[in-house]
2 protein chains.
Amino acid sequence: MNKTLKRMATMQRMQVTGLELFYKKGYYNTSVDDILKELSLSKGAFYYHFDSKEDFFIQIVENLLVRKMYSMLIEPIEGHENTLDMITNCFEEALETAVHNEFDFGFVLSNFINEFNGKNEKIMKHLNDILRIWEANLVSAIQRGKFNGHIDRHVDSEGVAVYLMSAYIGVRTLMVETAPSARKYRFMSQLRQYFKSMEPKSENAVNQSSGYGTYN
Amino acid sequence: MNKTLKRMATMQRMQVTGLELFYKKGYYNTSVDDILKELSLSKGAFYYHFDSKEDFFIQIVENLLVRKMYSMLIEPIEGHENTLDMITNCFEEALETAVHNEFDFGFVLSNFINEFNGKNEKIMKHLNDILRIWEANLVSAIQRGKFNGHIDRHVDSEGVAVYLMSAYIGVRTLMVETAPSARKYRFMSQLRQYFKSMEPKSENAVNQSSGYGTYN
DNA sequence: CTTTAAACCGACTAAGCGGTCGGTTACTTT
DNA sequence: AAAGTAACCGACCGCTTAGTCGGTTTAAAG
């Protein structure tokens with residue numbers, strides 16, 4: 001086997017198992033040895049491939065988390081049909097995974113954000129980058145919806161994006177432990193209702209002001 | 001000074017500082033010594049008053065977290081006026097605190113839920129209890145609103161409660177680090193729009209704010 | 001087959017952890 | 001003043017951690 005291929009394979013194995021354990025037990029609560037035991041590898045192998053535990057985690061974020069985010073929450077809404085429907089289906093599926101996957105303890109990203117916030121600025125930067133990508137993508141999806149007439153022109157794209165992200169992150173936290181399926185169902189029907197209020201109004205409808213000016 | 005008073009005072013000091021540090025740095029990432037150093041107290045004092053670190057934390061949850069939850073998210077909406085307005089104001093104020101308090105890293109409860117989930121079932125039970133109290137309180141507030149005519153009768157109280165909790169928990173996570181004030185603002189205007197879609201549809205509806213536009 | 005370096009091993013270190021315990025201080029009671 | 005005890009001290013123990021390093025295996029290259 002090619003040397004560089006072997007290197008890649010080992011690093012990949014370590015990262016996949018690392019993410020799984022960090023996700024399940026938390027970063028600070030997972031030791032390097034825990035990961036190595038799972039893989040029957042040694043400390044030497046680990047520190048041959050990675051500079052430190054922190055460096056290891058950052059590479060996991062860059063290699064695995066970013067891709068996971070894209071495949072679950074970004075690519076599914078990149079089509080050109082009805083944006084709100086696509087977002088609805090995207091959330092529906094992502095939450096369905098959460099219900100059935102016992103390894104799924106809340107939203108990966110928000111878990112880590114909570115864990116590293118105020119503790120590790122360097123890692124936080126990488127995590128916030130992913131959030132910003134998600135946000136930017138939601139915003140442009142909503143603007144696309146406004147452009148092609150599926151969403152009312154007066155809707156505040158940035159506001160909706162923040163609200164959607166909040167709701168999704170929150171329900172993922174709520175779905176751990178207590179009645180995940182019921183909560184998913186309730187969440188989704190409220191989301192649909194929220195989206196309904198964003199459908200285009202009649203031509204001469206008064207601007208219903210997405211908030212500006214009524215603040216406090 | 002009375003002995004029992006002194007005991008109470010010391011335990012209180014320990015719990016307040018403990019919560020602050022656990023909140024800021026996480027439970028597993030905060031050592032008992034960290035807390036004691038802050039208070040200039042010794043291991044002996046700690047283990048004289050508490051059985052273990054875990055017992056200590058549970059007492060913090062029961063004594064401090066429950067009260068914090070009540071004073072910030074439950075009592076403010078227990079009045080008998082327009083329920084939606086009360087919830088709006090309650091969230092507004094809770095988020096305003098989050099914006100200005102540098103010690104405020106996300107929603108206390110959701111932080112801890114994320115940290116203990118899958119790791120400490122005993123503590124998780126206590127945390128989930130608080131969530132259930134909050135949920136029950138929101139549900140009855142919404143039902144009250146339906147009863148006194150401020151909320152449409154067809155609204156799903158449980159659904160709205162889950163959605164509100166999700167959104168609040170999520171935005172608190174989002175507000176850490178990146179543009180908390182802007183995100184709070186956007187969140188609140190979307191929340192108002194969401195609430196607007198829940199106002200009574202029938203013609204004998206309660207007056208809904210001033211101005212133009214009586215559609216919807 | 002020999003050379004060479006990448007890949008991996010695992011004992012070791014220093015630091016930090018939760019928790020223990022015999023001793024000391026400070027206050028109450030008699 | 002003496003005795004008793006609640007409150008507190010801090011050295012210590014056993015254990016785990018991230019990270020180091022000299023040595024060994026593996027496999028491609030000459």
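The sequence lines fix the lettering, A, B, ..., with proteins before strands; numbering per chain opens at 1.
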Practice task
Name the closest nucleotide to the B:S42 side chain, picking from D:dG19, C:dC8, D:dC8.
Solution key: D:dC8

Handout entry: B:Y47 side-chain N/O to C:dT20 phosphate OP1/OP2 under 4.0 Å
Key = no

Fill in the blank from the handout: Side-chain contact check for B:L41: nearest option of C:dT20, C:dA11, D:dC8 is D:dC8

Problem - Donor/acceptor link under 3.5 angstrom from B:K53 side chain onto base of C:dG19 - result: no

Exercise for the section: Compare side-chain N and O positions of B:S52 against OP1 and OP2 of C:dG18 and report whether any pair is under 4.0 Å apart. Expected result: no

Problem - Side-chain N,O (B:S31) to OP1/OP2 (C:dC17) below 4.0 Å - result: yes

Exercise for the section: Measure from the side chain of B:A45, starting at C-beta and using heavy atoms only, and say which of C:dG18, D:dC9, C:dC8 lies closest. Expected result: D:dC9

Fill in the blank from the handout: Tested for side chain to side chain contact (heavy atoms under 4.5 Å, CB included) against A:L109, the lone hit among A:V61, A:I169, A:L127, A:L73 is A:L127

Practice task
For the pair B:Y163 and A:Y194, name the ring-plane relationship: parallel under 30°, tilted 30 to 60°, perpendicular over 60°.
Solution key: tilted

Exercise for the section: Ignoring backbone atoms, test whether A:R7 places a side-chain nitrogen or oxygen under 4.0 Å from the OP1 or OP2 oxygen of C:dA7. Expected result: yes

Handout entry: A:H49 vs C:dA6: side-chain N/O to OP1/OP2 distance below 4.0 Å
Key = no

Handout entry: Nearest-Å distance for atom pair CE/P, residues A:M11 and C:dA6
Key = 14 Å

Handout entry: Student check: side-chain heavy atoms of B:M72 and B:T97 closer than 4.5 Å
Key = yes

Handout entry: Plane angle bin for B:F46 and B:F56 - parallel if under 30°, tilted between 30 and 60°, otherwise perpendicular
Key = perpendicular

Practice task
Considering just the side-chain nitrogens and oxygens of A:Y48, establish if one lies under 4.0 Å of OP1 or OP2 belonging to C:dC8.
Solution key: no

